[in-house]
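First listed ligand is number 1; within each ligand, the first listed atom is number 1. Note that the structure is a prediction, hence the values are computed from the model and not measured.
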Amino acid sequence: MNDNKGLPRHVAIIMDGNGRWAKKRMWNRTQGHERGADTVRTITRVSRKLGISVLTLYAFSTENWQRSKKEIAALMHLLKTFLKSERNELLDNNIKLISIGQTTRLPDDVQTLLNETITLTSGNDGMILNLALSYGGRDDIIHAARLCAKEVLSGRLTPDQITEDHFNQYLYTAGLPDPDLLIRTSGEMRISNFLLWQIAYSEIFITQTLWPDFSETEYLSILDNYKHRDRRFGKTTTKGVKNNAV
Ligand code: IPE
Ligand code: IPE
Ligand code: MG
């Protein structure tokens, strides 16, 4: 795929299956997450190379706080390692890092590294790498609703001014286009509280492949599959058929 035609502008990925990948090898879950971090590097690099504008990765959900202390600590440690090791790669490749979610719940040292990397890369415009950290789709909507309510209370906004476009500006994803393509690895047929509002019209692709095994080749084939989807958005137009053909 070397032409930009038909390429999604925004790809969002539910990176699932690290634990199962490790279990199959009788390894511990942390080792699965470590291999998952390698896949993050690969997919980020390929996305940048192809010309994707935004790559959103679901790295830690609001529900994931219910995992064992040990696993949470390992994931936070890995996140720190990733932020340190990828800084130069992000800078060299003109990638801007941003994050969505309740990032103030993250340990202080992770927040510091995250904020430093976000600031350092803020001038980059080659691609946006958006990490969903301590992210929940319902929390995103509630957080936005509270901001709207405060605006109304202050008299700066009337309830009728709360349109879809306006509401969008209060979401963690404000300013980003909605995902065109949502990929989930490891076969679960669910959304797991990911971008509930934003995926209203995303094309969905679920692969059985476990995240650590997810490769450039498979990513390219999913992007090719996406290219052939007929995105009707509720209308009747189909590819190659004239608008008014019945
Ligand atoms: C995804 O892999 C990574 C996170 C949710 C942080 P999992 O850890 O959920 O792996 P499985 O689903 O147990 O295989
Ligand atoms: C979704 O995976 C969250 C992330 C990938 C960060 P989970 O493994 O937490 O989802 P469930 O529990 O299978 O729905
Ligand atoms: Mg999982």
(message) Looking at H10 and D180, would you say the former's side chain and the latter's main chain have a donor-acceptor pair under 3.5 Å?
(response) no
(request) Decide whether the shortest distance between a heavy atom of E63 and an atom of ligand 2 is less than 4.0 Å. (result) no
(request) Flag this pair as yes if the NZ/CZ of R67 is under 6.0 angstrom from the six-membered ring centre of W65 and inside a 45 degree cone about the axis; otherwise no. (result) no
(message) So I183 and I14, do their side chains get closer than 4.5 Å, heavy atoms only?
(response) no
(message) Would F60 count as a polar contact of ligand 1, with the cut-off being nitrogen or oxygen pairs under 3.5 Å?
(response) no
(request) Using a distance threshold of 4.0 Å (strictly less than), state whether atom 9 (O) of ligand 2 has a protein heavy-atom neighbour. (result) yes
(message) Exactly one of V54, T56, I95 should register a side chain to side chain contact (heavy atoms under 4.5 Å, CB included) with L129. Which one does?
(response) I95
(message) Applying a heavy-atom cut-off of 4.0 Å, say which part of L210 lies close to ligand 1: side chain, backbone, both or neither.
(response) neither
(request) Would you mind running through ligand 2 and noting each atom that sits below 4.0 Å from a heavy atom of R184? (result) 2 (O), 10 (O), 11 (P), 13 (O), 14 (O)
(message) Check whether W211 reaches the backbone of G36 with its side chain - one donor and one acceptor, N or O, closer than 3.5 Å.
(response) yes
(message) Any heavy atom of S186 closer to ligand 1 than 4.0 angstrom?
(response) no
(request) Starting from atom 5 (C) of ligand 1, find the nearest protein heavy-atom neighbour and note its residue, name and distance. (result) R67 NH2, 3.4 Å
(request) Would you mind listing which atoms of ligand 2 come within a distance below 4.0 Å of any non-hydrogen atom of S192? (result) 1 (C), 10 (O), 11 (P), 14 (O)
(message) At less than 4.0 angstrom from any non-hydrogen atom of H33, what atoms of ligand 1 do you find?
(response) 3 (C), 8 (O)
(message) Tell me whether R29 reaches ligand 1 (any heavy atom closer than 4.0 angstrom to a ligand atom).
(response) yes
(request) Using modelled atom types only, decide if a donor and an acceptor are shared between the side chain of N64 and the backbone of S61 within a distance under 3.5 Å. (result) yes
(message) Among the N, O or S atoms of D16, which one sits nearest to the Mg ion (ligand 3)?
(response) OD1
(request) Establish whether I142 and L147 are linked, either directly or via other cluster members, by ILVMFWY side-chain heavy-atom contacts under 4.5 Å. (result) no
(request) Taking atom CZ of R146 as the centre, report whether more than 12 heavy atoms of other residues, nucleotides or ligands fall under 6.0 Å from it. (result) no
(message) Taking atom CZ as the centre, does R138 end up with more than 12 heavy-atom neighbours from other residues, nucleotides or ligands that are less than 6.0 angstrom away?
(response) no
(request) Give a yes/no on ligand 1: does E188 have at least one heavy atom closer than 4.0 angstrom to it? (result) no
(message) I need the atoms of ligand 2 closer than 4.0 Å to a non-hydrogen atom of R190, numbered in the order shown.
(response) 11 (P), 13 (O), 14 (O)
(request) Give the numbers and elements of all ligand 1 atoms closer than 4.0 Å to a heavy atom of A59. (result) 6 (C)
(request) Mind telling me whether W21 and W27 have parallel, tilted or perpendicular rings, with 30° and 60° as the class edges? (result) perpendicular
(request) Record the part of M15 in heavy-atom contact with ligand 2 below 4.0 Å; permitted values are side chain, backbone, both and neither. (result) backbone
(request) Give yes or no for whether the N/O distance cutoff of 3.5 Å, strictly under, is met between W21 and ligand 1. (result) no
(request) Working to the nearest 0.5 Å, report the span between CE of M127 and CD1 of I52. (result) 8.0 Å
(request) Using a strict cut-off of 4.0 Å, indicate which atoms of ligand 1 neighbour a heavy atom of R20. (result) 11 (P), 12 (O), 14 (O)
